[in-house]
Every structure is written in C-alpha cells, then in structure tokens.
Amino acid sequence: MIPHLHPAATALAHAQHVVVITGAGISAESGIRTFRDTMEGLWKDFDPATLATPEAFERDPATVTRWYDWRRLGCLTAEPNPGHIALARLERNLAATDRHFTLLTQNVDRLHQKAGSHNVIELHGSIIQWRCTASSRTTTPPPEPFTTFPPPSPFVPSAILRPDVVWFGESLPESALDAADIAMRSCDLFCSIGTSSVVYPAAGFAELARRRGASILEINPNPTPLSPLATWSLRGKAGDLLPALVDHALA
Ligand code: BV8
C-alpha cells in the first residue's frame, strides 16, 4: 500500500464520473518521446512547436510529413504500458458499477485504444490517420514508411496527405470539444496524467473541473502549472502510480 495514494484511491473508489486527461507523459514508458523532450538523432535540430504548425507544412511539406511519418511508425510499433492498461481496467470497472468514465487524450498515438480503452476523445487528432488536403477525406496508411514526401493523396490526384492531427493555431475538432463539454458537466473527479498542462484549450479542462467543485488528481514526475491547484499532485510515473491507484480503488 502506498499510503500517500490513499485519499486519491478513496476518491477514485467513490467517484460517479471520472474524467481523465492524458498527455505525452503516459506514453513515455512505451518508448514514445514526449512533445517537449529534447529532440535527438535525425530531428535534433528541429523544434516540435514549429514543425507542428500549418505554416511549417505550407513552407516545407516534405520535411513535416517525413517527421510525422517517422513518429507514426514509432507509434504503430509501440505497445501500451501499465499506465494505459490501468486506465482501460478502470473504465471497465466503472462501467460495470453503473458509473461513468471519459478519457480525454492530447496524444495522437492511439495507445489508449490499443490498451482497450473505449470512451476516448482525441482532442488533438491521430497520427495513425492521414487526411487529403483537398477533399479532407481520411485514410489509414499501411504500417510501412511512405515512399515519397509529401505523400500523394489517394483521393484527389493533385493533392497531398497530411497527418490528421491538430496543429498549433488550428481549432480542435468540434465533435471532440462537444463530447468533452458533456463529460465535464457531471465530472466529480478529474485526473490529469502525464501532461505539462501548458497547451490550451486542453489545459483548461482541469481549471473548469475545479471551478465546478470536482476533486483534481495530477500524476506527473515533475510539477506543472496545475500542481498548486490540484487536490492531490502525485510525483511519479504513470506506469507506476496508476496501477497501484486503480488496484486500491477497485480493491
Ligand atoms: C487553438 C498534436 C485556437 C500535434 C499538439 C488559449 C486558448 C486557445 C489557444 C491558445 C491559448 N493560448 C495559446 C493558445 C495557442 C496554442 C497553445 O496552447 N499554445 C501554448 C504552447 C501556449 N493552442 C493551440 O494552438 C490550439 N489551437 O486553440 O486554436 C483557434 C481558435 C480559433 C480559430 C483557430 C484557432 C491547438 C493545440 C494543439 C497543438 N497540437 N499536438 C502533434 O502531436 O505533433 S500539442 C502538443 O502539446 C502535444 O502533442 C500535446 O498534445 C500537447 C501537450 O503536451 P504534453 O502532452 O503535455 O507533452 P509535454 O511533452 O509538454 O509534457 C509531457 C509531460 O509528461 C511532462 O509534464 C512530463 O513531466 C510528464 N512525464 C514524463 N514522463 C512521464 C510523465 N508523466 C507521467 N509518467 C511518465 N512516465
């Protein structure tokens, strides 16, 4: 028993609607670098915040699609870790006891779905899916590298494909925002896991939950701007703390 988990585990055991938001940190233990980790290797001279923009894509679609294809292939071969698996277990248990669970993710790697999570709202889209720049039709490319950059669209001869993610300066999908809004209305426990809590509007959900009187649990090895506002801010890795927390909550 990890004593400092106890009050958070009790809250998890009694919550009626748990809303979880995850960031790149929950996928770190699956070998996927976080968004603000220093870039290394091929991409060490690039800054994700500038590459993840429509302007960069406009200026240099070959480099941007090469970077996303490299990340896409890493996501396809990555496996969910105990943190992802604990959240899928928690969702199953809450559903079985007539309670609610909503998973908001900023991640584009689809590891939550691979771990068995069902009610997943992808706030920033998915790198596994790509979109035609002319028709906006989407396709899931096969699990091998593109052969030309930027990749041609299979739908419109003159168009190209882009990753179906939300770039900086782009709006989040209306459907995702609407689903998140509905979940936040009845949320009584909000868990922020593995995110630096600096990107909006995603980082605003924790503040909204707090204003509405929900308890806030944060799991992160490092402090974030959310930490001083959280009811409990647990310093540690998602892959270590989440399984222990869910074990105690479901015991
Ligand atoms: C928009 C997809 C408006 C692509 C990403 C206020 C309101 C609205 C917008 C803004 C605003 N203020 C500023 C903005 C603009 C901007 C923004 O927020 N900028 C920030 C930097 C200030 N927001 C936007 O542009 C958004 N769009 O609002 O549009 C609009 C309105 C009208 C019309 C047009 C437009 C769009 C934002 C989405 C951008 N896309 N990703 C891709 O993946 O390439 S964001 C990017 O940051 C990531 O992908 C991720 O989704 C997001 C957050 O990062 P984290 O997931 O937190 O990752 P990070 O590396 O930062 O942190 C990892 C954490 O894990 C760390 O804390 C670490 O300690 C922890 N950790 C490490 N190991 C572990 C761990 N935790 C647990 N366990 C471990 N083992």
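Just follow the structure's listing: the first ligand is 1, and inside any ligand the first atom is 1.
Near ligand 1, residues G23, A24, G25, A28, E29, T34, F35, R36, A52, Y68, R71, Q106, V108, H124, V165, V166, W167, F168, G169, E170, S171, L172, G194, T195, S196, V198, V199, Y200, P201, N220, P221, N222, K237, A238 each place a heavy atom inside the 4.0 Å sphere around the ligand atoms.
Within the 4.5 Å cutoff, side-chain heavy atoms of E91 are placed close to those of N119. Using a 4.5 Å heavy-atom cutoff, the side chains of L172 and E122 are not in contact. Counting heavy atoms from C-beta on, the side chains of L217 and F190 never come closer than 4.5 Å.
Residues satisfying the salt bridge (charged side-chain N to carboxylate O under 4.0 Å, His left out) criterion with E79, sequence neighbours excluded, are absent altogether.
In this structure, F146 has its ring center under 6.0 Å from that of W130.
A salt bridge links R162 and E170; the closest N-O separation between the charged side-chain nitrogens and carboxylate oxygens is under 4.0 Å.
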